[in-house]
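One structure is given here, and the rest of the page talks about it.
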Amino acid sequence: RVRKVLRDEPPAYVVELKIDGVAVSVIYRDGRFELGATRGDGERGDEVTHNLRTVRDLPLRLRGTAPSLIELRGEVYMMNADLARLNERQAERGEKLFANPRNASSGTLKLLDPRICAERRLRFMAHGFGVAEGIEIATHLQFLDLVRQLGIPVVPHSPILQAIDPVLDYCHEWAERTHELDFEIDGFVVKVNDFGQRNRLGATSKAPRWVIAYKMEKWEAETRVLDIRVNVGKTGTLTPVADLEPVQIAGTTVSHVSLHNAEEIERKEVMIGDTIIVEKAGKIIPHVVRVEKEKRSGKERKFHFPKQCPACSGPVVK
């Protein structure tokens, strides 16, 4: 499509990792952080300035010579290791666990107390801009360099490639290497590098012609529930855990998965002997996506929550 419009004018492409986070816009006026909002439906989002001020990658004042006005667009996300630590604290408090880094980031940005947001170590990467005054740049690579100079991270591993075949090779290569990253991605974004070419390519009624997303499947696999047992936490909370037939997901072997509580077991209708789909949220934390009920043989057994604590034999209370 790009070659058809540009004809004899060869395009160059920039390929970016598609961070699986929350899309936000942040406005800097005369180098000072002024406002931040979620993208929402593309026209109207939530103002979350109070929480974005706590994100370590968004300085309150830009470095160097800043534009008079710039609206940066990017993703607020959470590192996989930070999600694991957060869920450990949630479990100790008997609170609901986050299924993946995106849910954790989204829920955190909606909080009223910015101190909690600061504790959760959200991060930010820029990948584009909207309004910009006082800057002259002609390519996306120049934009990325400018943002780095201003003291804000940009999406890493973003090469410039001269044809679409190397773009596909890059996507296929990194689809096999995502376990090397310490954050979650759900694909790649391919952009025409030159802004003049972007203007000539224009847009359809739905989207620009100079950018396209290359989506990936989630990290999931099929396995079987061998047994369900109960773990006793530090605070005395009883957590059901499914023992699985070992399965490889995102470079590691998964043989156990938390079922969280009795309600979760009932909601997903998990039985001992069931065939299930397990997904690795953040490539770290496995969770049950669904039960493949059509594969039941009739030999599956329902799990009954114990009435006595496995550790102290005391009565179990809700």
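Everything numeric here is computed off the predicted structure, so don't read it as measured data.
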Flag yes if more than 12 heavy atoms outside [X] fall under 6.0 Å of its [atom1] atom; otherwise flag no.
X: E263; atom1: CD; answer: yes
X: R44; atom1: CZ; answer: no
X: R3; atom1: CZ; answer: no
X: L112; atom1: CG; answer: no
X: R32; atom1: CZ; answer: no

Salt bridge (charged side-chain N to carboxylate O under 4.0 Å, His left out) filter on E95, not counting sequence neighbours, yields none
Check the side chains of [Y] and [X] for a donor-acceptor pair under 3.5 angstrom, ignoring hydrogens and angles.
X: R120; Y: T108; result: yes
X: Q248; Y: T253; result: yes
X: R267; Y: H260; result: no
X: E245; Y: T223; result: no
X: R53; Y: N51; result: no

Under 4.5 Å between side-chain heavy atoms, hopping through other hydrophobics if needed: is there a path connecting [X] to [Y]?
X: V241; Y: V278; result: no
X: L97; Y: M79; result: no
X: L58; Y: L69; result: no
X: V288; Y: V230; result: yes

Flag the pair [X] and [Y] as a salt bridge only when some basic side-chain nitrogen lies within less than 4.0 angstrom of an acidic carboxylate oxygen.
X: E269; Y: K293; value: yes
X: D46; Y: K110; value: no
X: R115; Y: E119; value: no
X: R89; Y: E92; value: no

Among pairs that include at least one residue of residues 18-41, which meet ring-ring contact (aromatic ring centres under 6.0 Å, His included), considering only residues two or more places apart or in two chains?
->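 Residue pairs passing ring-ring contact (aromatic ring centres under 6.0 Å, His included), neighbours aside: Y28-F33.
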Looking at every heavy atom in both [X] and [Y], which two are closest together, and how far apart are they?
X: P240; Y: F303; result: CB-CE2, 4.4 Å
X: V316; Y: Q308; result: CG2-C, 3.6 Å
X: L238; Y: P310; result: CD2-CD, 4.2 Å

Result block: side-chain N/O donor-acceptor pairs under 3.5 angstrom for residues 131-156, not counting sequence neighbours:
from, atom 1, to, atom 2, distance (Å)
T139, OG1, Q142, N, 3.1
H140, ND1, R198, NH2, 3.4
H140, NE2, E16, OE2, 2.7
Q142, OE1, A138, N, 2.8
D145, OD1, R148, NH1, 2.8

Donor-acceptor contact below 3.5 Å, side chain N199 vs main chain G196 |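 Between the backbone of G196 and the side chain of N199 there is no qualifying donor-acceptor contact (under 3.5 Å).
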